[in-house]
Trainee: 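First the structure, then my questions, so here it is.
In this chain, residues are counted from 1 in sequence order.
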Amino acid sequence: VMMIDEDCFSGNRSITSVTLPKTLTEVGENCFKNCTGLQTVTIPSETNVIGKSAFEGCVSLKKIVLKTFVDEEYDAEMTGAITVANRGFYNCISLQEITNPTRLTTVGREAFKGCKSLRTLDVTGLAVSYESAFENCTSLSELKLSAFTSPSVNMFKGCTALETVT
């Protein structure tokens, strides 16, 4: 399985946890949209695209695990780049944690907008972001950026708890 088709599990209320296969390179548009019972998603290092609105409205989603891999030749942990399209995780109001967020290299418009339970975020791998990417993440209090991160319009608008930016 290299791609999960659009709307594949959209609206399924029974799914609580998803571990995507290592062969998967792309999660299709609206794939898990409004899966209101989904709590945890594990995305392998081989996956490099999260489609438009793929996890939008997953209101119970608490944790996203972005897996890394070990380059055996150099014995080094590699992150692997990932692009989250527009509204990829929009309104995932229970999202508290993203493991290995440095994999995020591109985030689309409103990709994480309304993730009001997200408290900390390290986007030092982020190179490209679009309008309102993290808007209204009202619990976000700690943020790590790099010199290469170019903030977009309203990128952190409404992040009223933001205290520390490094």
Trainee: Test question: given the 4.5 Å side-chain rule for I, L, V, M, F, W and Y, name all other residues clustered with M3, or answer none.
Mentor: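 For M3, no cluster forms, as it stays isolated from other hydrophobic side chains.
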Trainee: Has the side chain of N154 got a donor or acceptor atom that lies under 3.5 Å from a matching backbone atom of K157?
Mentor: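 Not confirmed, N154 side chain does not pair with K157 backbone.
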Trainee: When the side chains of residues 59-69 are checked against the rest of the protein, which donor-acceptor pairs come out under 3.5 Å, sequence neighbours left out?
Mentor:
{"from": "S60", "atom 1": "OG", "to": "T36", "atom 2": "O", "distance (Å)": "2.6"}
{"from": "T68", "atom 1": "OG1", "to": "E77", "atom 2": "OE2", "distance (Å)": "2.8"}

Trainee: Within the structure provided, determine whether F112 and I98 are in side-chain contact (heavy-atom separation under 4.5 Å).
Mentor: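 Yes. Closest side-chain heavy atoms under 4.5 Å.
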Trainee: Going through the checks in order, is the side chain to side chain contact (heavy atoms under 4.5 Å, CB included) test met by F32 and V41?
Mentor: CA-CA 10 Å; F32 294 95; V41 174; over 6 Å; no
Trainee: Roughly how far, to the nearest 0.5 Å, is NZ of K113 from CG of N86?
Mentor: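 Reported to 0.5 Å precision, the distance equals 12.0 Å.
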Trainee: Could you list all the salt bridge (charged side-chain N to carboxylate O under 4.0 Å, His left out) pairs where at least one residue sits in residues 17-41, not counting sequence neighbours?
Mentor: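 The answer is none; no pair qualifies.
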Trainee: Please answer: with hydrophobic residues joined when any side-chain heavy atoms are less than 4.5 Å apart, are V165 and M155 in the same cluster?
Mentor: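 V165 clusters together with M155.
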Trainee: Do F148 and L104 belong to the same hydrophobic cluster, where Ile, Leu, Val, Met, Phe, Trp and Tyr are linked whenever their side-chain heavy atoms lie under 4.5 Å apart, directly or via other members?
Mentor: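 Different hydrophobic clusters.
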Trainee: Ignoring hydrogens and angles, write down the donor-acceptor pairs under 3.5 Å from the side chains of residues 131-138, residues two or more places apart or on other chains.
Mentor:
{"from": "S132", "atom 1": "OG", "to": "E135", "atom 2": "OE1", "distance (Å)": "2.6"}

Trainee: Using 0.5 Å steps for rounding, measure from the CG atom of L145 to the OG1 atom of T124.
Mentor: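 Rounded to the nearest 0.5 Å, the CG-OG1 separation comes out at 8.5 Å.
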Trainee: Look up atom CD in Q96 and atom OG in S139, then write down how far apart they are to the nearest 0.5 Å.
Mentor: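 Output value for this atom pair is 9.0 Å.
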Trainee: Between N12 and S14, what is the shortest heavy-atom contact and its length?
Mentor: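 Minimum heavy-atom contact is OD1-N, 2.7 Å.
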Trainee: How long is the span from the SG atom in C31 to the CG atom in D5, to the nearest 0.5 Å?
Mentor: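 Taking SG in C31 and CG in D5, the distance rounds to 8.0 Å.
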Trainee: Let me see the working for L38 and F9 under side chain to side chain contact (heavy atoms under 4.5 Å, CB included), right down to the final yes or no.
Mentor: CA-CA 11 Å; L38 185 60; F9 298 101; over 6 Å; no
Trainee: Could you state whether I93 and L140 fall into the same hydrophobic cluster, counting links through intermediate Ile, Leu, Val, Met, Phe, Trp or Tyr residues with side-chain heavy atoms under 4.5 angstrom apart?
Mentor: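 As far as the 4.5 Å side-chain criterion goes, L140 and I93 are not connected within one cluster.
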Trainee: Search all heavy atoms of L126 against all heavy atoms of T106 and return the closest pair with its distance.
Mentor: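 Heavy atoms only, the tightest pair is CD1-N, 3.8 Å.
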Trainee: Any chance you could measure K144, atom NZ, to T102, atom OG1, to the nearest 0.5 Å?
Mentor: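 Between atom NZ of K144 and atom OG1 of T102 there are 10.0 Å.
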Trainee: If you link ILVMFWY side chains whenever their heavy atoms are less than 4.5 Å apart, which other residues fall into the same cluster as Y130? By chain and number, please.
Mentor: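 ILVMFWY cluster around Y130 also holds V128.
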Trainee: Could you give the distance from CG (N34) to SG (C58), rounded to the nearest 0.5 Å?
Mentor: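 It is 7.0 Å, given to the nearest 0.5 Å.
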Trainee: Are Y90 and I82 linked, directly or through intermediate hydrophobic residues, by side-chain heavy-atom contacts shorter than 4.5 Å (ILVMFWY only)?
Mentor: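 Not linked; separate clusters.
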Trainee: I'd like to know whether E142 forms a side chain to side chain contact (heavy atoms under 4.5 Å, CB included) with R119, so could you lay out the CA-CA distance, the side-chain angles of the two residues, the decisive distance to 0.1 Å, and finally the verdict.
Mentor: CA-CA 7 Å; E142 188 178 327; R119 293 188 183 105; over 6 Å; no
Trainee: Please tabulate, for the side chains in residues 42-57, all donor-acceptor contacts under 3.5 angstrom to protein atoms that are two or more places apart in sequence or on a different chain.
Mentor:
{"from": "T47", "atom 1": "OG1", "to": "L24", "atom 2": "O", "distance (Å)": "2.7"}
{"from": "S53", "atom 1": "OG", "to": "E56", "atom 2": "OE1", "distance (Å)": "2.7"}
{"from": "E56", "atom 1": "OE1", "to": "R87", "atom 2": "NE", "distance (Å)": "3.3"}
{"from": "E56", "atom 1": "OE2", "to": "R87", "atom 2": "NH2", "distance (Å)": "3.1"}

Trainee: Does V123 reach the side chain of V107, with side-chain heavy atoms less than 4.5 Å apart?
Mentor: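 No - every pair of side-chain heavy atoms lies 4.5 Å or more apart.
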